[in-house]
Amino acid sequence: MTAGFGGLLAAFGAFCYALSSVAIAKSSQSVQGRGNDVFLSVLMTAVVSGLLWLAIGSPFPAYGEAALIGVGYFVLAGLLGNVLGRLTLFRSVELAGAVETGFIRRLIPVFAAIFAFLLLGEIITSTIVIAFLLVTGGVLIMMANTPSRPTAVRSVPERTTKEKTEGRVMAFSSAAGYGGSFVARKLAMQTLPDPLAGVFIGAVTGLVCFGASAGFRFRNWSTFMLRIHKPTGWQLLAGSSMTLGQVALFFSLMFTNVTVVAIISSVEMFFAAWLAGHVFKTENRPGSRFYFASILAGAGVIILAVAP
């Protein structure tokens, strides 16, 4: 029952991330407020998680000095997830679209397994290798430059080949960042088992990085604030959805293990395809090649899920 609840939380987190990706795509179609999407999403994550930590979280001194090690790993997770993973995620959606970005992000559990082998000493079994080949094969099929069928009504703007290529690279970087953040969170929770603290510390780390970056680009803080425009409804939806998704994924780690959370979170691609193609119409409906690649990659995810 407990593990099942953790899986449901991970699935809900995946849906929230997919909704956020589609909202990013909608926001990128307008110049209003554009440029502060990532900053707004990290700020919302920090505020919400901080308030929840104060309300229902454990007092930090109760953990002792060993918690400082956990704080360090949570900071690393923040750099990998909130800075590298989130920055490249937003840019990838703008360049390659929510569907393709969500598909490539299914490599997150594969990256998590590789980083766990390198950093935690976990063994990569033949099952993991087979799953890796299936997921990678699905990604390669999806990325193949085959012409798509023309549609009767094409309201979705075309992206150039260069933009798509850059977007795919960004999506791979995002998957690697989030995969590494899962391992860093696992290490952190060994000495600081508080998911709300982890979300808050990671978000604050992101804000500090963005503030430092702004200091290099702008003369003073007031100049930076002038560049922060009033957020649009789509930006608010993207930020709030990503915040809910991250909190849900952190809480799911309390009820089940990291591998299960990483695998279940990869169903984000299915949610993104359905929302983008059928609900919000930000992209054309995916064709047969997409579904074939999804089945192939899904087989790899299932193998990882049922493996001992």
Side-chain angles (χ1 to χ4, degrees), residues 11-49 51 81-105 151 153-160 163-164 166-168 170-171 173-175 177-178 199 203 206-207 210 213-214 224-249 265 267-286:
F12 175 71
F15 175 81
C16 291
Y17 268 102
L19 180 59
S20 177
S21 295
V22 178
I24 295 169
K26 293 289 289 187
S27 175
S28 66
Q29 296 175 1
S30 172
V31 296
Q32 181 184 358
R34 190 173 180 180
N36 58 321
D37 306 65
V38 182
F39 176 81
L40 176 65
S41 69
V42 177
L43 178 62
M44 292 179 66
T45 300
V47 172
V48 172
S49 61
L51 292 176
N82 287 314
V83 180
L84 174 62
R86 198 172 296 202
L87 276 173
T88 51
L89 168 62
F90 273 71
R91 186 58 178 160
S92 174
V93 172
E94 292 180 355
L95 294 174
V99 173
E100 197 159 343
T101 296
F103 190 89
I104 296 176
R105 276 170 51 82
T151 55
V153 178
R154 191 172 187 87
S155 57
V156 180
E158 279 285 358
R159 298 179 176 92
T160 65
E163 288 177 334
K164 289 184 178 181
E166 184 180 348
R168 290 163 180 167
M170 292 291 180
S173 300
S174 178
Y178 277 108
V199 177
L207 290 177
F210 293 138
S213 175
F224 170 69
M225 293 303 295
L226 289 175
R227 295 293 300 272
I228 301 298
H229 305 284
K230 180 180 179 181
T232 65
W234 291 114
Q235 289 177 332
L236 291 175
L237 177 61
S240 59
S241 299
M242 191 167 289
T243 298
L244 286 175
Q246 189 167 359
V247 172
L249 289 179
S265 65
V267 301
E268 169 194 343
M269 184 273 302
F270 292 105
F271 293 129
W274 177 67
L275 290 171
H278 297 274
V279 179
F280 294 99
K281 312 293 184 181
T282 58
E283 299 183 34
N284 296 311
R285 295 182 180 181

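This is a predicted model, so every value here is computed, not measured.
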Original post:
For the residue pair Val199 and Ser49, what are the closest heavy atoms and their distance?
Top reply: CG1-CB, 3.4 Å

**OP:** Rounded to the nearest 0.5 Å, what's the gap from CG on Leu19 to CG on Leu237? Could you check?
**Re:** 4.5 Å

Subject >> Leu84 backbone acceptor or donor facing Thr88 side chain under 3.5 Å >> reply: yes

Original post:
Say you draw a straight line from CZ of Phe12 to OH of Tyr17; how long is it, rounded to the nearest 0.5 Å?
Top reply: 12.0 Å

Original post:
If you round to the nearest 0.5 Å, how far is CD1 of Ile104 from OG of Ser92?
Top reply: 6.0 Å

**OP:** Apply the test side chain to side chain contact (heavy atoms under 4.5 Å, CB included) to residues Met242 and Leu89: give CA-CA distance (whole Å), side-chain angles for both, the deciding distance (0.1 Å), then the verdict.
**Re:** CA-CA 11 Å; Met242 191 167 289; Leu89 168 62; 3.5 Å; yes

**OP:** Please list, chain by chain and in numerical order, all residues satisfying side chain to side chain donor-acceptor pair (under 3.5 Å) with Ser241, sequence neighbours excluded.
**Re:** none

Original post:
Counting N and O atoms only, with roles assigned by atom type, does the side chain of Ser41 sit under 3.5 Å from a partner on the main chain of Gly239, one being a donor and the other an acceptor?
Top reply: no

**OP:** Output all residues satisfying ring pair (Phe, Tyr, Trp, His ring centres under 6.0 Å) with Phe15, sequence neighbours left out; order by chain, then residue number.
**Re:** Phe271

**OP:** Measure across Cys16 and Leu244 and return the closest heavy-atom pair with its distance rounded to 0.1 Å.
**Re:** SG-CB, 3.9 Å

Original post:
How close do Met44 and Leu236 get, heavy atom to heavy atom, and via which atoms?
Top reply: CE-O, 4.0 Å

**OP:** Provide the closest heavy-atom pair for Gly85 versus Ser174 in the form atom of the first, atom of the second, distance.
**Re:** O-OG, 2.9 Å

**OP:** Find the distance between OG1 (Thr45) and CD (Gln246) and round it off to the nearest 0.5 Å.
**Re:** 5.0 Å

Original post:
Any idea which heavy atoms bring Leu207 and Ala46 closest together, and the distance?
Top reply: CD1-CB, 3.8 Å

Subject >> Minimum heavy-atom distance between Val22 and Ala276, given as atom pair plus value >> reply: CG2-N, 3.9 Å

